[in-house]
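The residues of the chain are indexed from 1 along the displayed sequence. Heavy-atom basis, side chains included; hydrogens, waters and symmetry copies ignored.
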Amino acid sequence: MTDFRNLKYYVETPPLDAPVSVEADLCIYGGSSAGIAAAVQARRMGLRVVIAEFGNHLGGLTTGGLGATDIGNKAAIGGISREFYRALGTHYGTETDGGTQWTFEPSVAGQVYQRWLEENEIEVYCQRRLKQVGKGSDGRIKELIMENGEMFRAAMFIDATYEGDLMAMAGVSYHVGREANSVYQETLNGVHYGHPHHRFETWIDPYRIPGKPDSGLLQGVTDAPLLKQGEGDASVQAYNFRICLTNMPDNCLPFPQPPGYDPDEFQLLARYIQSGIWDAMQLHKMMPRGKSDLNNRGAVSTDYIGGNHKWPEASYKEREGIFQEHFRYNLGMLYFLANDESIPKAIRDEASKWGLPADEYPATGHWTPQLYIREARRMISDVVMTERHCRRHIVVEDPIGLAAYGIDSHHCRRVVIDGRCVNEGNVEIHTPAPFPVSYRSIVPRRGECANLLVPVCLSSSHIAFGSIRMEPVFMILGQSAATAAALALEADITVQDVDYKPLRERLLADGQILDWA
């Protein structure tokens, strides 16, 4: 039996018998890809740096199953981010594309990051859950106090979490959900119906007994109010796991039945398949050695639509429950497709060819411990990145890196319209070219926090974040954040007062790509 006992987002940590203090020049909260890139850059600039990671997993989504990199334009990726993909190319012996490798196994990505941490002598503290932020009267963070009572003191801080927990506890302004189009003069934000992707291709009745509303809704469907096109709400685009699978018989473990499995949870999927549509497992992106990165595809797939809306502001304990719901749903869907007799045999046979890789994630039942948190909190600062920046209608004057992926939001809600299931929220629009991200978008407003940088939950609208939120970009912004932190320390100034000219010079010297002709 597969052992998932260690597959948890949160387990309460007991207090230490005596308080312990960790001192550094720069404290990075979050061992994501952005956090690791920031730490490497900080060490190269001579800083004492420490990473405090919420759980045990380092590397975020880059080591968490997203092994088929979402790129947009490879030429826009520079600095430490490109170094990472070159290191993968060295591992795999890649001779094309400048020696870079863009598809990779999670364990190999982990090995690259671990080597970097060791070579740069970067201290990492896992299972450190932020409880309180100590700030001085000057608006600077003095210390992070963890759940176990441990204190992390530094002159500069970076929030590299996907949730923006440090940013929020530090009193920085932020937003959760979709802004109305009118807020930033956008066209793709807010409630969004009618996009051609990942929609129901056939009429699917949402009721347990077709045609009978009094029978109740199928699981996965909500009776939420419809709202108008472009109207803002608190919805968050769907999360899932980027699931590492394999079809190599000597490394393939059959899908086990997850704890709490309920086949009724997948009756909507069964009804959709019975209508003639089979696409729930059709977004396999192959990686080396017969492994794949499975993502959401179609109207009913791995996205747990609507199940994540409370995540950004939830307590750690509440997030643990949401995490387990996503795990149960994702693994349960795979088990259902491979085993349930309501599914046509040809599809069961196809699903059964895949399984969990025996050589990945052994500590957590061969399942990634990293939930795909596509968005959570987003800072509100002096510059908010918007759709107009993505379309290059506005070009910032203080770029610290380029984003290049299309504007991409997954569905936020599954509602009922005129007696049928409708997914709402998906947007997939190409951007005309890579676009620069502003330094001011990773810095809080003046007066809110003088020594904090936020390269992941940066200042952005929902729809612009849909383009920026890619792992190579997070590494780019993490490196740039650490560079700014070092310059601020050297000049003894706030992060808001960093002079852009020397920042730009150092970023270019370190291989960052800041402009796109």
Side-chain angles (χ1 to χ4, degrees), residues 28-42 51 53-54 57-74 76-85 87-88 102 104 106 109-110 112-113 116-117 157-167 237 239 242 370-379 385 390 399-408 434-439 441-443 452-460 462 464-485 507 510-514:
I28 299 167
Y29 186 58
S32 62
S33 57
I36 292 176
V40 170
Q41 178 67 12
I51 295 176
E53 160 56 28
F54 184 90
H57 176 74
L58 296 175
L61 260 298
T62 296
T63 57
L66 205 164
T69 308
D70 295 318
I71 302 167
N73 190 318
K74 296 172 185 175
I77 300 171
I80 289 173
S81 188
R82 180 163 285 271
E83 287 180 39
F84 173 76
Y85 297 104
L88 293 170
W102 305 94
F104 49 89
V112 171
Y113 280 150
W116 283 5
L117 293 170
F157 294 84
I158 289 176
D159 185 341
T161 66
Y162 291 113
E163 295 89 356
D165 284 343
L166 169 53
M167 170 188 74
Q237 62 171 305
Y239 300 170
R242 292 294 284 257
Q370 179 64 62
L371 183 63
Y372 194 172
I373 301 162
R374 287 191 171 90
E375 67 173 342
R377 300 181 180 98
R378 297 185 307 280
M379 184 166 62
M385 300 298 298
C390 298
I400 54 170
L402 300 177
Y405 203 73
I407 300 172
D408 180 30
F435 61 93
V437 178
S438 169
Y439 173 65
S441 73
I442 70 166
V443 174
L452 174 67
L453 298 112
V454 186
V456 177
C457 295
L458 75 163
S459 180
S460 170
H462 156 77
F465 193 73
S467 173
I468 296 168
R469 62 176 181 85
M470 303 302 158
E471 291 290 290
V473 180
F474 285 156
M475 283 189 265
I476 290 167
L477 299 182
Q479 177 181 355
S480 295
T483 305
L507 295 178
D510 288 337
Q512 293 279 51
I513 298 172
L514 305 182

> Say you draw a straight line from CG of Leu458 to CZ of Phe465; how long is it, rounded to the nearest 0.5 Å?
Replying inline: 6.5 Å
> Are the side chain of Arg378 and the backbone of Gly164 linked by a donor-acceptor contact shorter than 3.5 Å?
Replying inline: no
> How about Asp159 and Val456: do any of their side-chain heavy atoms sit closer than 4.5 Å?
Replying inline: no
> What's the spacing between Thr483 OG1 and Ile400 CD1 if we round to 0.5 Å?
Replying inline: 9.0 Å
> Judged by atom type as modelled, is there a donor-acceptor pair below 3.5 Å linking the side chain of Ser441 to the main-chain atoms of Ser459?
Replying inline: no
> Out of curiosity, Arg374 CZ to Gln237 CD, how far, rounded to the nearest 0.5 Å?
Replying inline: 6.5 Å
> Could you go step by step and tell me if Asp165 and Arg377 meet the side-chain contact (heavy atoms from CB on, under 4.5 Å) rule?
Replying inline: CA-CA 8 Å; Asp165 284 343; Arg377 300 181 180 98; 2.7 Å; yes
> What do the steps show when you test Arg82 against Lys74 for side-chain contact (heavy atoms from CB on, under 4.5 Å), and what is the final call?
Replying inline: CA-CA 9 Å; Arg82 180 163 285 271; Lys74 296 172 185 175; 4.0 Å; yes
> Between Ile476 and Gly401, what is the shortest heavy-atom contact and its length?
Replying inline: CG2-CA, 3.7 Å
>> I need the minimum non-hydrogen distance between Leu58 and Thr63, along with the two atoms involved.
In response: O-OG1, 2.6 Å
> What heavy-atom pair brings Ser33 and Thr62 nearest, and what distance separates the two atoms?
Replying inline: CB-OG1, 3.7 Å
> Would Tyr113 and Phe84 count as a close aromatic pair, with their ring centres under 6.0 Å?
Replying inline: yes
> Are any of the side-chain nitrogens in Asp70 or Arg242 under 4.0 Å away from the carboxylate oxygens of its partner?
Replying inline: yes
> Would Leu402 and Asn73 satisfy side-chain contact (heavy atoms from CB on, under 4.5 Å), going step by step from the backbone distance to the final call?
Replying inline: CA-CA 10 Å; Leu402 300 177; Asn73 190 318; over 6 Å; no
>> Checking Phe435 against Met385 for the side-chain contact (heavy atoms from CB on, under 4.5 Å) test, could you report, in this order, the C-alpha distance in whole Å, the side-chain angles of both residues, the deciding distance, and whether it holds?
In response: CA-CA 10 Å; Phe435 61 93; Met385 300 298 298; 4.2 Å; yes
>> Among residues at least two apart in sequence or on other chains, which ones pass ring pair (Phe, Tyr, Trp, His ring centres under 6.0 Å) with Tyr85?
In response: Trp102
>> Out of the candidates Met379, Glu375, Met167, only one should pair with Cys457 under the side chain to side chain contact (heavy atoms under 4.5 Å, CB included) rule; please name it.
In response: Met167
> Between the side chain of Gln479 and the main-chain N/O of Ile80, is any donor-acceptor distance below 3.5 Å?
Replying inline: yes
> Between atom CE of Met470 and atom CG of Asp408, what is the distance when rounded to the nearest 0.5 Å?
Replying inline: 5.0 Å
> Which heavy-atom pair separates Cys390 from Ile407 by the least distance, and what is that distance?
Replying inline: CB-CD1, 3.8 Å
> What heavy-atom pair brings Leu453 and Ala481 nearest, and what distance separates the two atoms?
Replying inline: CD1-O, 3.7 Å
> Nearest heavy-atom pair of Ile28 and Ala39: which atoms, and what distance?
Replying inline: CD1-N, 3.4 Å
> Going from CG on Leu166 to CZ on Phe157, what distance comes out if it is rounded to the nearest 0.5 angstrom?
Replying inline: 7.5 Å
>> Could you check whether any side-chain heavy atom of Phe474 comes within less than 4.5 Å of a side-chain heavy atom of Tyr162, counting everything from C-beta outward?
In response: yes
> Does Glu53 use its side chain to pair, donor to acceptor, with the backbone of Gly31 at less than 3.5 Å?
Replying inline: yes
>> Quick check for you: to the nearest 0.5 Å, what is the distance between Glu471 atom CD and Ser81 atom OG?
In response: 9.5 Å
